[in-house]
Amino acid sequence: KLDVTYQGVEPIPSWGTAGVTYPRTTKSAQSDFTFYVPSPGVLWNLFCLSCASDASCLDASLRCADNKAPSAGRMAINGQGRMTVVIDNVPAISFDNTAASGPVLSGSNVAVEFSQTGGQTYYGTIFRVHYSDETQSKFEISMGGQQVIPGTYQTLITIQPDTTSSLVFTPSVFPMKFVDTDTSLACADTTDAGCRGPSAGASAFDVSITSFPLNAESAAELLKWEFGGIAASATFLSMGTGAFSQTATLTVTPPDCTACSFAAGKATVSLSVAYLADGSEIAATDYTYHRAPAVVQARFDSSGSRIEIAFDQATNKAQDGLAGACASLFGSASVGEGSPLGVGPLCSWDSSTLLFIFPENSPSIVPGDTLSIGASALLRDADGVSPASSASFTVQEPAAPVKPQVLLDAP
């Protein structure tokens with residue numbers, strides 16, 4: 001139970017006399033209270049084939065050696081590299097990274113298991129403990145060079161803070177793919193933009209697979225391609241020559257990303273190639289979809305003289321500073337005599353996410369009316385990768401309207 005009792009000094013009653021103490025009824029309240037113990041959980045895991053330094057496999061920016069991006073949920077079948085994992089809601093363990101027997105001291109124990117139902121089981125070791133306190137622990141896990149059969153395994157990390165106690169903490173099991181890191185997949189890109197494209201209507205682009213000889217026949221019969229689990233098509237182009245004789249180049253067409261979960265206009269998925277027969281992955285890389293800017297809020301300002309439109313991501317600020325920007329953004333029917341925005345309205349960007357509209361000369365727009373961005377305005381994300389926005393939105397009333405004042409001027 002949670003009990004609360006008032007302990008303060010109450011004022012003298014209106015009918016009372018100063019200096020006299022008046023008995024009062026005790027003021028208290030009681031309620032049920034339940035303590036919640038959060039379950040252990042893996043916050044994230046990131047793998048580097050080559051570590052950024054001896055002191056930490058990931059650098060301060062969570063990058064591997066040579067500023068390469070780490071991979072999540074993937075490790076190397078050759079047992080090289082290290083996975084960094086952060087675990088929440090587990091008690092602190094005893095550790096010493098300088099100990100010859102390993103960083104986890106004998107008073108504690110951490111076990112790492114990778115297993116398949118009815119299949120192989122492998123064990124990792126704790127290479128380094130970055131920190132371990134009462135709320136969170138950060139480990140580096142190594143396979144010690146042991147060879148692993150390619151495939152997806154379930155990862156089980158068991159933490160025993162005190163080996164003299166039977167109390168054991170086990171975060172949720174999570175999948176881990178062991179892949180051949182000698183075979184890699186990359187997007188052929190001449191602009192350093194990376195693997196990315198619009199969320200719908202993306203053009204085909206070239207990819208390369210290293211250490212994986214192919215021809216047109218084997219590429220069509222042996223392989224399947226997916227973007228975040230959505231099937232895609234690919235066409236063989238060529239095998240390299242000289243130093244690149246083991247590198248195949250193909251053209252792949254991304255499917256539309258209708259079911260992706262976007263954040264700030266972007267959704268990163270796995271672009272993977274696998275064997276068609278059994279689905280085992282050959283290689284994968286990240287691919288980022290860019291969604292057209294969407295309006296998250298549109299409303300009049302407190303004075304009612306300006307409309308403020310907020311977008312869900314940074315935009316390319318289409319038509320910024322151009323004459324007739326309102327007509328370009330919202331269509332010619334939105335401006336002119338008797339139109340929503342009136343004659344000669346001004347549209348200007350306050351920032352890459354905030355657009356201001358200043359209606360002029362007898363506009364008809366009122367709260368509750370709808371405006372639409374024309375695709376021909378080419379309003380895209382800040383990178384210019386997304387489709388052109390064609391968002392429609394309703395203009396809301398001011399959040400805090402200024403109250404009108406009545407002034408009388410008489411002789």
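Heads up: numbering here begins at 1 and tracks the sequence.
For the pair S61 (side chain) and R63 (backbone), a donor-acceptor distance under 3.5 Å is absent. Judged purely by atom type and a 3.5 angstrom limit, S132 has no side-chain atom pairing as donor or acceptor with the backbone of S137.
Remark: F114 pairs with F178 by the ring-ring contact (aromatic ring centres under 6.0 Å, His included) rule, at least two apart or across chains. Under the side chain to side chain contact (heavy atoms under 4.5 Å, CB included) criterion, A204 pairs with T251, T253, sequence neighbours left out.
Considering V395, L346, I307 in turn, I307 is the only one that fulfils the side-chain contact (heavy atoms from CB on, under 4.5 Å) rule with I357.
A salt bridge links D312 with R291; the closest basic N to acidic carboxylate O contact falls under 4.0 Å. Using a 4.0 Å cut-off between charged side-chain N and carboxylate O, K266 and D383 make a salt bridge.
As summarised for C326 and C347, their two SG atoms come within a distance smaller than 2.5 angstrom, satisfying the threshold. In this model, C48 has its SG atom within less than 2.5 Å of the SG atom of C64.
Ring-centre distance between W349 and F311: below the 6.0 Å cut-off.
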**Request:** Applying side chain to side chain contact (heavy atoms under 4.5 Å, CB included), run through I126 and V112 and close with a yes or a no.
**Result:** CA-CA 8 Å; I126 301 299; V112 183; 4.0 Å; yes
**Request:** Applying side chain to side chain contact (heavy atoms under 4.5 Å, CB included), run through V269 and Y289 and close with a yes or a no.
**Result:** CA-CA 8 Å; V269 302; Y289 282 102; 3.8 Å; yes
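The side chain to side chain donor-acceptor pair (under 3.5 Å) pairs that include a residue from residues 73-85 are R74-S270, R74-E281, R82-E140, where partners are two or more places apart or lie in different chains.
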